[in-house]
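Okay, so here's the structure we're looking at.
Sequential numbering from 1 along the given sequence is applied to the chain's residues. Counting convention: from 1, in listed order, for ligands and their atoms alike.
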Amino acid sequence: MERWIQQIEEEFQHHFGDRYKLIKSPGRVNLIGEHTDYNDGFVLPAAVDKSIILAIHPNETNTCRFYAVDKNESFETEITGDLQKSDQGWPNYLLGIVDQLRKQGYEVNGFDCVFGGNVPIGAGMSSSAALEGGVLFGLVELNGWDIPPVEMAKIAQKAENEFVGVQCGIMDQFASLNGKEGYALKLDCRSLNYEYFPFNRDDIQIVLCDTQVRRELASSEYNVRRQQCEQGVEILQQWDSEIESLRDVELSLLFQHEKDMDPTIFKRCKYVVEENKRVIQACNDLRQGAMDSFGQRMYQSHAGLRHEYEVSCEELDVLVDIARDLKGVFGARMMGGGFGGCTINVVQEDHVESFTKQVKEKYQQQMDNQIRVYQTKVSSGTHLISSQKVTSS
Ligand code: GLA
């Protein structure tokens, strides 16, 4: 990360001058609780040590000027009147934050921002949420606004929903902004109450296997899944008007009305109701240090995502099946929205090396293709980096 910090500082100095604040904004993993956030359910993510670094400073004009180091691309726009979406793609994550802040009554003046980092893009590690949270955190710092991190997560999610146009839940933005070193975060996506669970055992490592598959399909199918869940809720509300979301649905009620539903809608709902339960049980496992049981729930989560929610793909399934047969693996499953990206594997520290070697080899043999493997540490949420070079505005 040091290399990135230095590079971002140099680029900012080169493009915009030597006064700036430096922000570190992490990607996230999700241990369990997939596609539950937009169903008012539970998730268990954690911020990790792959991050985006941003340098940011006001420029005393009406213009925003951005530079994306990894892409070597610049973008500039005036921020008077309605903001327009950019065809370049990435500027929309920053503009979305500006747009949302203004909608909520904050006066955003022109600023310069340079960013880059090592969160793999499109790998299901929430590089977009890291960027959104990072620029939001930076603007809050620059302007001295009093916006608590939970509120920041809501703003960042709205920015993505309304400006970027992806109907995501709140998990990614929340985890990136509220993560804590050595802890996973159990979030109730309805109340936004959260609890930290220690995840800092020296003998256990989180290993991500990146299929490097990136599918456009992901966002359109994501929105379809959301609609299917809503359809399920509408049907069930006929029997219980108190039901507001799948969070409120008992499995028994769902089975009672299986015949009243399209089989696909039933499968989707069943997965979500069961996954919510799994998150609660997995948290109990963590409390008791029952990692074998925790790992089994990860496999169950994957099976549901594969067969019932149908957001997996061959590459992810192959990786989970390989992991299941390797020594020292507690559990594995696909992570994030699906259709590509990474699997998350919870592995005994002393088996990480052999796991990495074997999973790469076996995947190559079966799929005639390569994966990337990342070892991650659970680390802190978006924060200001204290550095001698940072100057306050
Ligand atoms: C994406 C979304 C999240 C969440 C996951 C699936 O990462 O951004 O809100 O819905 O997919 O769990």
Residue pairs involving residues 251-284 (criterion ring-ring contact (aromatic ring centres under 6.0 Å, His included); sequence neighbours excluded): W239-H257, F255-F266, Y271-Y309
Qualifying ring-ring contact (aromatic ring centres under 6.0 Å, His included) pairs with a residue from residues 273-303, counting only residues at least two apart or across chains: none
Gap separating the OG atom of S127 from the CD1 atom of I121, nearest 0.5 angstrom: 5.0 Å
Exam field: side chain Q157 to backbone C168, donor-acceptor pair closer than 3.5 Å: yes
Given K270, R225, R268, K267, the one that forms salt bridge (charged side-chain N to carboxylate O under 4.0 Å, His left out) with E308: K270
Residue list, side chain to side chain donor-acceptor pair (under 3.5 Å) with E34, at least two apart or on another chain: N30, R333
First-shell residues of ligand 1 [heavy atom, distance under 4.0 Å]: R28, E34, H35, D37, Y38, C168, G169, M171, D172, Y222, G336, G337
